[in-house]
Structures are given as structure tokens and as C-alpha cells.
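This report refers to the structure that appears directly beneath it.
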Amino acid sequence: MIKIATTEIETRPRPRPAVLLIDPYVPGQSSAPGAAKIFKLSANETPLGPSPRAREALRAFADHLQDYPDGAATALREAIGARHGFDPARIVCGNGSDEIIHLLAAAYIGPGDEGIFTQHGFLVYKIAILAAGGVPIVADETNLTADVDRILAKVGPRTKIVFLANPNNPTGTYLPVAEIKRLARSLPSHVLLVLDAAYAEYVTRPDYSSGEELVSNSENVVMTRTFSKIYGLAGIRLGWCYAPPDVCGAINRIRGPFNTNGGAIAAGVAALDDKGHIEKAVAHNATWLAWLAHEIAALGIKITPSAGNFLLLHFGGETQARAADRFLLGRGLILRAVGAYGLPHCLRLTVGTEEANRLVVAALKDFVNFESRARA
Ligand SMILES: Cc1ncc(COP(=O)(O)O)c(C=O)c1O
């Protein structure tokens with residue numbers, strides 16, 4: 001009989017130690033107790049909502065809830081391919097781009113391997129790297145912007161992936177295409193460069209590219225995209241990547257066989273068909289992003305210029321940022337605290353409806369006045 005020392009007996013199942021190193025992702029708040037009307041400006045959702053065509057497709061899908069979806073999401077990959085001019089065979093869809101990020105990490109990072117992301121980069125990268133048993137490596141930014149040289153300085157023999165959000169959430173900063181190309185060119189060919197272009201549709205800068213031409217012409221660059229932002233479909237969870245064939249092959253092996261649900265496929269296809277809706281959303285964002293940036297800066301609150309659908313507001317310190325958050329919350333305006341991103345003195349504001357945007361500026365004005373009276 002095998003004897004087991006009492007100290008070796010586990011009293012309950014234990015996850016891998018790396019799992020317990022993960023700080024669970026905490027989404028922005030979505031309630032403002034006591035406020036008569038709530039404006040959720042904490043999750044970079046679109047104030048325009050989804051295309052009516054997507055709503056209709058989802059309603060029609062309700063008659064087919066008993067059926068498994070097409071595990072290959074063929075119709076959706078074809079629709080994405082047609083919209084963007086990509087080979088559908090090089091597209092993989094998933095339950096939000098979060099899932100795609102996790103799949104990439106799971107496929108390419110083994111125990112002890114390193115994944116790089118930037119100082120204020122999207123938090124899911126760290127979670128995905130740790131979940132895969134890897135080591136998260138942080139590359140410092142310069143002026144809240146990813147810095148190619150600092151990323152390259154972190155590349156070592158164990159590096160397997162570089163995750164880069166372009167534009168980044170929560171800073172809103174971006175790297176011009178020339179810098180992205182330099183990064184891709186300078187990385188060793190065995191390192192996968194993941195360009196997370198969740199906010200690409202919003203970017204109006206002429207020197208920006210989501211990086212798709214790099215994906216078309218290389219073996220180690222992947223672009224991830226989402227239907228959660230400009231398409232207004234965050235609730236049904238839909239994301240995708242455009243990737244080299246080998247990368248698609250790898251993540252297709254490990255993904256759940258029906259990871260993209262039927263409602264998401266139907267709504268995604270319909271949403272892609274409504275170009276006018278996206279054009280409206282781009283125009284709304286361009287107008288109100290500029291207006292918010294101008295009005296908020298005029299109040300003496302520093303903002304980081306943003307290429308996305310949100311703005312990073314800088315306060316005098318963590319205490320003041322918290323006070324502003326409470327003040328706005330009292331008026332039903334929910335912003336995103338970004339302490340978890342190493343920015344405790346900041347709040348992130350999503351561009352909202354005209355009503356919400358005007359209310360935010362009015363509330364910030366009152367807050368600034370209130371603070372200066374309190375100091376006097
Ligand atoms: C940079 C970035 N990447 C990915 C995502 C995740 O998007 P999805 O809803 O498709 O999982 C977000 C969502 O906030 C994001 O900001």
C-alpha cells in the first residue's frame with residue numbers, strides 16, 4: 001500500500017499556482033444609486049447602439065435557439081472577409097476579442113514563456129499570459145504611449161507574444177503605422193505580434209493603420225477586432241482575428257467547437273451590412289470627442305488626446321479623481337476609474353449621447369468650481 005504523508009493530502013482541488021496570481025478583471029461600474037437617470041460612460045460602448053438590422057437578425061434568431069451554430073462561423077467569416085477584403089480562411093471568430101486574446105496566449109505561451117505588453121496596456125493581456133502559465137513582462141511607455149524601442153528592449157529568448165492595443169485603452173494613444181511596421185520588422189520572426197485594433201473604426205488619423213497589411217504579408221502578425229465597440233454588440237460577445245494560416249490553425253485546434261454563438265453570427269453578419277450606421281457612429285464620435293476634449297481642457301482638466309471613443313481625464317491626484325468620480329456619479333454619470341491600469345489619478349470617459357456629453361461637461365464645471373471654493 002502506498003503511504004501518503006498527511007501534509008501531502010490536499011483537502012480540496014487546487015488550481016495551478018499561476019491562476020491564483022491573477023487579479024480578476026473588474027469591469028467599470030454600471031449603477032449610480034439614487035440618480036434619476038443614468039448615463040453609463042464607463043465601458044466604451046457606443047451611444048448609438050447597434051444597427052437596427054442587427055437587432056432584427058437577433059430577433060429572427062430567437063426561432064432557432066435549439067440549433068447548434070455553425071462551429072466555423074462561415075457566414076460571418078465570409079461577411080468580414082468581404083467587408084475588409086480578407087481571405088475568410090484567415091479569420092477566426094470568438095466570444096469577444098477577449099476570447100481571441102486568451103486563445104492566442106494559450107496556443108503560443110507555455111510555462112515560463114514571456115508575453116510583453118505596455119505599461120498602461122489593456123488588462124486582459126496580463127490575465128491571458130498568466131492563465132497560460134506565462135510570465136507577464138511590462139514595457140514602459142513614453143508620454144502614456146507605447147514605445148517601440150522600450151518594447152524591443154524587453155524581448156528575450158523566452159518571449160513568445162507581444163500584445164499591443166492600437167489605439168490603447170484606457171489611454172487613447174496610438175502608434176502611427178510607420179512605428180508599427182518598425183516594431184514588426186524588428187521582432188524576431190518567432191515572436192507573435194498581436195495588434196489589438198478594438199477601436200480601429202473610430203480612428204480618423206491619416207498615419208494610422210490597424211495593421212492588416214502586415215498580417216497579409218507576414219507569418220507572425222495578428223490583428224484582433226471586436227463587434228463590441230462601434231458595432232454596439234458588446235452584449236452578445238463577438239470578436240475575431242485576421243491571422244496567418246498557421247496561427248488560425250493553432251487557435252482553431254484549441255477553441256471550443258461552437259465558441260461563436262448563433263445569435264452573434266446572425267447579428268454580426270447583419271451589422272456588417274449596415275455601413276451607414278457605422279458612418280453615423282464615426283461622425284458622432286469625431287464631433288463629440290473633439291468637443292469634449294476642448295470643453296474639458298478649458299476647465300483646466302488635463303486630457304490625453306485620444307484616437308478612440310473615450311478620453312482620459314487627469315486630476316490632481318487619486319483623492320481628487322475619486323472625488324470627481326463620486327460627484328459625477330451623484331448626477332448619474334458613470335465614468336471608469338483606472339487605478340488598475342496604474343492611473344489612479346485619472347478617470348476614463350466614453351463619448352456618449354449629446355445629452356450625456358453636455359451633462360458631463362456641466363458636472364465637471366461644477367466640480368471644478370466646488371473644489372476651488374473648498375480650497376479658498
Ligand atoms: C483594447 C481592447 N481590446 C479588447 C477589448 C475586448 O473586447 P471584446 O468585447 O471584444 O472582448 C477591449 C474592451 O474593452 C479593449 O478595450
Side-chain angles (χ1 to χ4, degrees), residues 24-30 40-46 49-50 54 73 76 80 91-105 115 117-129 131 141 144-146 161-175 180 193-203 208 210-211 222-242 251 255-256 259-261 263-265 267-268 271-272 285 304 306-312 334-338 340-341 343 346 348-351:
Y25 183 86
V26 182
Q29 31 183 13
S30 53
K40 187 168 169 238
L41 305 166
S42 57
N44 297 346
E45 296 147 339
T46 170
L76 179 59
I80 294 169
I91 294 169
V92 180
C93 298
N95 189 45
S97 51
D98 282 348
E99 188 195 15
I100 304 286
I101 292 164
H102 275 275
L103 289 171
L104 290 165
F117 54 93
T118 67
Q119 191 179 358
H120 306 294
F122 184 47
L123 282 178
V124 168
Y125 308 145
K126 182 176 179 187
I127 295 174
I129 293 163
E141 298 181 359
L144 297 180
T145 308
I161 291 194
V162 174
F163 285 110
L164 180 69
N166 202 36
N168 183 49
N169 167 22
T171 54
T173 55
Y174 76 104
L175 284 182
I180 297 291
L193 172 60
V194 180
L195 299 171
D196 177 346
Y199 300 94
E201 293 86 353
Y202 284 114
V203 187
Y208 174 79
S210 55
V222 174
M223 172 184 70
T224 62
R225 300 288 282 260
T226 182
F227 279 85
S228 300
K229 306 300 174 186
I230 206 160
Y231 284 96
L233 292 172
I236 57 167
R237 313 300 301 124
L238 183 57
W240 54 278
C241 68
Y242 175 48
I251 60 177
R255 70 177 172 83
N259 65 324
T260 308
N261 73 76
I265 293 172
L272 283 164
N285 193 64
T304 301
S306 170
N309 67 333
F310 54 89
L311 273 176
L312 192 66
I334 308 173
L335 272 66
R336 177 74 146 107
V338 282
Y341 285 92
L343 298 163
C346 294
R348 192 192 65 198
L349 164 69
T350 305
V351 174

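We number each residue from 1, following the sequence as shown. Atoms within each ligand, like the ligands themselves, are counted from 1 in listed order.
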Show me the short polar-atom pairs for ligand 1: any N or O of it lying under 3.5 Å from a protein N or O, with distances only.
residue, atom, partner, partner atom, Å
ligand 1, 3 (N), Asp196, OD1, 3.2
ligand 1, 3 (N), Asp196, OD2, 2.5
ligand 1, 7 (O), Ser97, OG, 3.1
ligand 1, 9 (O), Ser228, OG, 2.6
ligand 1, 9 (O), Arg237, NH1, 2.8
ligand 1, 9 (O), Arg237, NH2, 3.3
ligand 1, 10 (O), Ser97, N, 2.6
ligand 1, 10 (O), Ser97, OG, 2.9
ligand 1, 10 (O), Thr226, OG1, 2.5
ligand 1, 10 (O), Ser228, OG, 3.4
ligand 1, 11 (O), Ser97, N, 3.2
ligand 1, 11 (O), Asp98, N, 2.9
ligand 1, 11 (O), Asp98, OD1, 3.4
ligand 1, 11 (O), Asp98, OD2, 3.4
ligand 1, 11 (O), Arg237, NH2, 2.7
ligand 1, 14 (O), Lys229, NZ, 2.9
ligand 1, 16 (O), Asn169, ND2, 2.7
ligand 1, 16 (O), Tyr199, OH, 2.7

Task: Sole residue of Thr171, Leu311, Leu144, Leu312 in side-chain contact (heavy atoms from CB on, under 4.5 Å) with Cys346 - done: Leu312
- [ ] Taking the side chain as every heavy atom from C-beta outward, state whether Tyr125 and Thr118 have any atom pair closer than 4.5 Å.
- [x] no
Task: Close side-chain approach of Thr46 and Tyr231, heavy atoms under 4.5 Å - done: no
Open item on the list: Can you classify the ring geometry of Tyr208 versus Tyr174 as parallel (below 30°), tilted (30 to 60°) or perpendicular (above 60°)?
Closed with: perpendicular
Open item on the list: Tell me whether Glu201 is salt-bridged to Arg225, with the criterion being a basic N under 4.0 Å from an acidic carboxylate O.
Closed with: yes
Task: Interatomic distance, Asp196 atom CG to Phe122 atom CZ [nearest 0.5 angstrom] - done: 7.0 Å
